[in-house]
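Here's the structure, in structure tokens; my notes come after.
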Amino acid sequence: MSSQPRCPHCRHFLYLDALACPNCGADLGFHMLSRQFYGLRNNQVVIEDRTWYTCSNRSWACNWLVRDDAPAGRCFSCRLTRTRPAANDTVALQKLAGTEEAKRRLVLQLASLGLPIVGWDVQPGGLGFDLLSSLTDGRPVMIGHANGIITIDLAESLDDRREALRVRLGEPYRTILGHLRHEVGHYYQNVLLTDDEDWARCRALFGDERASYRDAIKRHYALGAPEHWHDSFISEYATMHPWEDFAETFAHYLHITGTLQTAAAIGIRLDAAVTSLRDVDVIPRESYEDQPIQSLLTDWEWMSQGFNRINRAMGFGDLYPFRLVEPVRRKLAFMHDIITKAPLTYEQQLAIAAPWDGERA
Ligand SMILES: [Zn+2]
Ligand SMILES: [Zn+2]
Ligand SMILES: [Zn+2]
């Protein structure tokens, strides 16, 4: 099944954040279980004999559907948000809409990779999001992860602010989605590494995460990354501490699989005659779950060059301004291993995460 979202009425192409069809104007809601859009009547739709409603955050641009018995009428993604700006803080709430959109994309990807998503309100240490604004609160908001809760500074959704930070920190890439993918990597390190053998393999690749984090921060901000960091790390930030290397690599696994999934869904492929160094077409897959890591990395090597050229054609910087050197490839292979080890079905995911969304009536 292609996950290419289409209008149920006129089959027109839709972006994931569509609230209405740009072609026929139909009101639409996104149904996470089937990964499809449904047409709405009076903000509801019947799917398999069960009534689904629009999420109570629809006025803040959430287009997901909730089943009739969902608590507070919040969708699966919105329920993961533990803290958000006050209801009267409309400026911050507008920034929240963009961040929530990135978060829905993240949640959808985690689900399609078969990763367990257990919410903070279901289990202590479960996944949750504190979406705060340093502008409103007048005090700094540290982007980070602690005990399942990911904190994001909504002020980073302001382009000028985020871009200034990106330049100051010398980063080639900085987006809200990138932050989310990195922080969720911290969460999954503890969820996916379940035994001593996993941790031993992890330490052999990323280093010993029991090293002092406080010392690592001090060293990183005083001295910067070591000179030849390119030879073994995906980014300067990854050099700071083994935890950060893991989270950075996890984020890249999501960047790569997410972008290839989109390319596959819209049918982008590279003709062998064009790439010329290969005798077969490069055909991205929606899922690499049953593929060896080499197939993922080879497809990405070619597709990312294609995407970079498209970006350059519009005067932008490279879509993927990173180089995957051999040690980083080995780290990505480890990610591939632990992520594809025991994928859950959609029903299993939702049954543990949101029982009221997950059971089929
Ligand atoms: Zn339509
Ligand atoms: Zn929602
Ligand atoms: Zn981090």
Side-chain angles (χ1 to χ4, degrees), residues 5-32 36-40 43 52-67 70-82 84 93 96-108 119 129 131 142-147 149-153 169 171 174 178-190 206 209 213 216-217 220-221 233-252 254 353-354 356-357:
R6 287 182 181 280
C7 174
H9 299 297
C10 71
R11 307 302 297 156
H12 194 269
F13 168 92
L14 297 173
Y15 290 106
L16 267 183
D17 61 346
L19 292 157
C21 174
N23 184 48
C24 71
D27 272 340
L28 301 171
F30 186 78
H31 182 239
M32 191 200 169
Q36 280 177 35
F37 278 95
Y38 282 84
L40 305 174
N43 294 323
W52 291 70
Y53 295 89
T54 51
C55 172
S56 56
N57 287 327
R58 191 165 173 96
S59 54
W60 296 110
C62 179
N63 63 353
W64 281 20
L65 294 168
V66 288
R67 222 174 65 174
R74 275 175 302 153
C75 74
F76 181 55
S77 172
C78 286
R79 229 171 31 86
L80 293 173
T81 299
R82 187 177 73 163
R84 59 181 230 166
L93 282 172
L96 178 74
T99 302
E100 287 285 9
E101 186 200 328
K103 178 165 141 271
R104 285 193 298 278
R105 185 179 286 276
L106 173 79
V107 170
L108 197 60
F129 295 82
L131 307 178
M142 282 294 286
I143 295 176
H145 165 268
N147 204 18
I149 303 295
I150 289 170
T151 302
I152 294 289
D153 183 3
L169 298 172
E171 297 171 346
R174 190 176 181 98
H179 286 321
L180 291 170
R181 284 174 171 166
H182 170 102
E183 299 305 338
V184 90
H186 289 307
Y187 170 72
Y188 280 110
Q189 183 165 17
N190 287 317
F206 297 89
E209 82 292 346
Y213 191 77
I217 294 182
H220 184 75
Y221 287 107
F233 294 92
I234 189 66
S235 67
E236 291 189 52
Y237 194 63
T239 66
M240 186 167 107
H241 188 274
W243 275 340
E244 300 307 341
D245 193 12
F246 185 96
E248 284 287 90
T249 310
F250 189 92
H252 276 262
L254 297 190
W356 44 87
D357 278 351

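Atoms within a ligand are numbered from 1 in the order they appear, just like the ligands themselves. This chain uses plain numbering: 1 for the first residue, then up along the sequence.
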Quick one, I150 and V184 - any side-chain contact, counting heavy atoms below 4.5 Å?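 The answer is yes, as the side chains (C-beta and beyond) meet within the 4.5 Å cut-off.
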Test item: L19 and D27 side chains (from C-beta on) under 4.5 Å apart, heavy atoms: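 Sidechains of D27 and L19: no contact.
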Do H182 and E244 get their side chains close enough for a donor-acceptor pair, meaning under 3.5 Å? yes
Strictly under 6.0 Å, is that where the ring centroids of H186 and W243 end up?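 No - the distance between ring centres of H186 and W243 does not fall below the 6.0 Å cut-off.
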At what distance, to the nearest 0.5 angstrom, does [atom1] of [X] lie from [atom2] of [Y]?
X	Y	atom1	atom2	answer
R79	S56	CZ	OG	11.5 Å
L93	E100	CG	CD	10.0 Å
H9	F37	NE2	CZ	12.0 Å
R105	L180	CZ	CG	12.0 Å

Opening angle at the Zn ion (ligand 3) [OE1, E244; NE2, H186; to 10 degrees]: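 OE1 of E244 and NE2 of H186 make an angle of 100° at the Zn ion (ligand 3), to the nearest 10°.
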May I ask you to list the protein N, O or S atoms found at less than 2.8 Å from the Zn ion (ligand 2)?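 Hits for the Zn ion (ligand 2) below 2.8 Å: C55 SG, C62 SG, C75 SG, C78 SG.
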What protein N/O/S atoms sit under 2.8 Å from the Zn ion (ligand 1), by chain and number? C7 SG, C10 SG, C21 SG, C24 SG
Which atom name would you report as the N, O or S atom of H182 nearest the Zn ion (ligand 3)? NE2
